[in-house]
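Here the structure is laid out as structure tokens; the discussion comes afterwards.
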Amino acid sequence: MNPIQPRHYLQFRDLSRDEYQYLFRRSALIKKRFKQYQVHQPLVDRTLAMIFEKHSTRTRLSFEAGMHQLGGAAIYINTRDSQLGRGEPIEDAAQVFSRMVDLVMIRTFGQDIVERFAAHSRVPVINGLTNEFHPCQVLADVFTYIEHRGEIAGKVVAWIGDANNMLYTWLQAAAILGFRVHFSGPAGYGVDLQRPGYAVSEAEQQCLRCFDDPLQACEGVHLVTTDVWTSMGYEAENAQRLRAFQGFMVDQRMMRAADPRALFMHCLPAHRGEEVQAEVIDGAQSVVWDEAENRLHVQKALMEFMLLGRLPD
Ligand code: CP
Ligand code: NVA
């Protein structure tokens with residue numbers, strides 16, 4: 001174990017409501033200045049290592065471009081061509097990475113892997129998706145909601161489909177930021193309140209309401225969101241999942257049941273005709289491209305915060 005214990009971002013609950021409020025304000029400022037071509041390079045000479053044990057388009061692009069824009073450098077490492085793929089212990093890797101770089105982002109399988117890495121790291125570690133959580137994505141999603149509709153506290157988000165890493169992260173966000181989540185998914189793929197090691201807290205349970213009927217789950221809600229039926233790492237279950245999730249595609253009926261100003265989000269990549277109807281993801285209520293773009297801006301604010309703390313405007 002390291003004597004130096006930096007702060008990490010491994011789950012959404014690792015930051016407080018007050019820190020999120022700062023980050024959302026900061027993200028808006030960073031985005032605005034970037035759009036005006038104002039150079040903002042507080043991380044000159046700093047390096048981010050990005051470790052990928054699963055595929056990625058958005059996460060790699062946004063962290064790599066973001067670090068470059070902040071004046072630093074990003075190094076891409078994957079399991080296939082690093083020693084991680086040949087069995088080097090994650091604890092040893094953490095020691096080595098954190099003596100050479102200033103920040104580490106990891107996308108991997110079990111949450112225990114990022115936790116073990118963080119426990120042996122001298123520098124902050126960011127979860128870039130695990131089987132259990134995807135905090136950077138929900139950070140971008142909440143920011144996107146606020147950008148379009150203002151305050152999220154008091155609102156209702158409908159999650160239709162698989163109770164996966166995104167759903168559990170939305171639940172943490174709901175408890176911290178004060179909104180509610182309606183969940184609807186097929187039997188056998190519902191919310192596991194006692195997930196081994198990562199039980200849903202009392203406060204999170206208070207924010208959750210489960211529905212058998214997805215149409216009912218969408219009634220009057222302010223945001224409808226979904227994700228793939230088969231997450232990375234679960235590919236062997238794909239055929240079985242395709243059958244089980246029939247009837248849970250987000251469609252225009254569900255969007256009509258929602259509040260007239262409801263938004264649609266999907267963290268992407270999406271499968272039109274499976275978890276979402278093309279008319280919904282490509283329709284007027286969909287903000288999926290803003291959501292993807294905002295990964296860049298919120299993660300710039302997050303990296304800056306983790307390395308430099310709060311900065312004045
Ligand atoms: N939404 C998301 O994390 O996308 P990637 O898998 O492409 O990184
Ligand atoms: N739930 C999906 C999200 C992909 C960004 C997965 O884990 O594969």
Side-chain angles (χ1 to χ4, degrees), residues 9-12 48-67 74 76-79 104-114 126-145 157 159-173 181 183 185-186 189-192 195 198 223-238 240-242 244-245 248-250 264-272 274-276 281 286-300 302-303:
Y9 190 56
L10 308 185
Q11 301 187 25
F12 201 87
L48 165 75
M50 307 182 295
I51 302 173
F52 284 93
E53 301 211 80
K54 288 177 174 171
H55 292 275
S56 169
T57 296
R58 278 144 288 269
T59 302
R60 179 179 178 183
L61 266 174
S62 52
F63 270 105
E64 194 163 333
M67 195 56 177
Y76 171 81
I77 308 263
N78 68 45
T79 318
V104 178
M105 189 284 310
I106 313 182
R107 166 167 287 195
T108 186
F109 293 88
Q111 180 76 10
D112 61 302
I113 300 173
V114 295
I126 297 173
N127 178 352
L129 180 147
T130 58
N131 293 346
E132 285 77 13
F133 299 111
H134 196 4
C136 293
Q137 182 67 56
V138 175
L139 183 64
D141 294 3
V142 173
F143 177 70
T144 306
Y145 184 86
V157 175
W159 177 275
I160 309 301
D162 190 22
N164 64 12
N165 43 9
M166 283 292 300
L167 180 270
Y168 288 100
T169 310
W170 271 109
L171 286 179
Q172 292 197 344
V181 175
F183 169 81
Y189 297 91
V191 185
D192 178 2
R195 237 175 13 151
Y198 305 100
L223 168 62
V224 178
T225 183
T226 187
D227 186 10
V228 291
W229 290 338
T230 305
S231 285
M232 291 180 280
Y234 299 83
E235 289 80 3
E237 300 174 13
N238 195 37
Q240 186 189 328
R241 283 172 170 268
L242 269 177
F245 282 86
F248 289 89
M249 174 173 71
V250 174
F264 172 77
M265 288 190 197
H266 188 310
C267 66
L268 306 175
H271 302 80
R272 289 170 177 76
E274 285 186 24
E275 74 273 7
V276 60
I281 192 168
S286 172
V287 290
V288 294
W289 312 126
D290 289 340
E291 189 188 352
E293 177 191 325
N294 282 335
R295 290 288 300 278
L296 173 70
H297 308 299
V298 299
Q299 288 164 194
K300 283 169 74 177
L302 178 68
M303 290 191 284

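Counting convention: from 1, in listed order, for ligands and their atoms alike.
- Contact shell of ligand 1 (protein heavy atoms, cutoff 4.0 Å): Ser56, Thr57, Arg58, Thr59, Arg107, His134, Gln137, Cys267, Leu268, Arg295.
- Interface atoms of ligand 2 facing Leu268, defined by a heavy-atom separation under 4.0 Å, are 5 (C).
- The side chain to side chain donor-acceptor pair (under 3.5 Å) check on Asp112 picks up nothing, with sequence neighbours excluded.
- The nearest heavy-atom contact from the protein to atom 1 (N) of ligand 2 is Asp227 OD2, 2.6 Å.
- Taking the ring axis of Tyr234 as reference, the NZ or CZ atom of Arg241 stays within 45° of it and closer than 6.0 Å to the ring centre.
- Considering backbone and side-chain N/O of Ser231, one or more are found under 3.5 Å from N/O of ligand 2.
- When only non-hydrogen protein atoms are considered, atom 7 (O) of ligand 2 lies nearest to Asn165 ND2, 2.8 Å.
- Legend: residues meeting ring pair (Phe, Tyr, Trp, His ring centres under 6.0 Å) with Phe109, ordered by chain and number and at least two apart, are absent.
- Note that OG1 of Thr59 and CZ of Arg295 are 3.5 Å apart. Values are rounded to the nearest 0.5 Å.
- Shortest non-hydrogen contact noted between Cys267 and Arg58 is O-CD, 3.7 Å.
- Residue contact check for ligand 2: Asp162 places no non-hydrogen atom closer than 4.0 Å to it.
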List the steps, then state whether side-chain contact (heavy atoms from CB on, under 4.5 Å) holds for Asp162 with Glu275. CA-CA 9 Å; Asp162 190 22; Glu275 74 273 7; over 6 Å; no

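- Between the side chains of Thr144 and Asp290, not a single donor N or O lies within less than 3.5 Å of an accepting N or O.
- The contact set between ligand 2 and Met232, taken as ligand atoms under 4.0 Å from a residue heavy atom, comprises 6 (C), 7 (O), 8 (O).
- Residue-ligand proximity, Leu129 to ligand 2, at heavy-atom distances under 4.0 Å covers atoms 3 (C), 4 (C), 5 (C), 7 (O).
- For Gly233 against Glu235, the heavy-atom pair with the smallest separation is N-OE1, 2.9 Å.
- Remark: Phe133 engages Tyr198 in a ring pair (Phe, Tyr, Trp, His ring centres under 6.0 Å) (not counting sequence neighbours).
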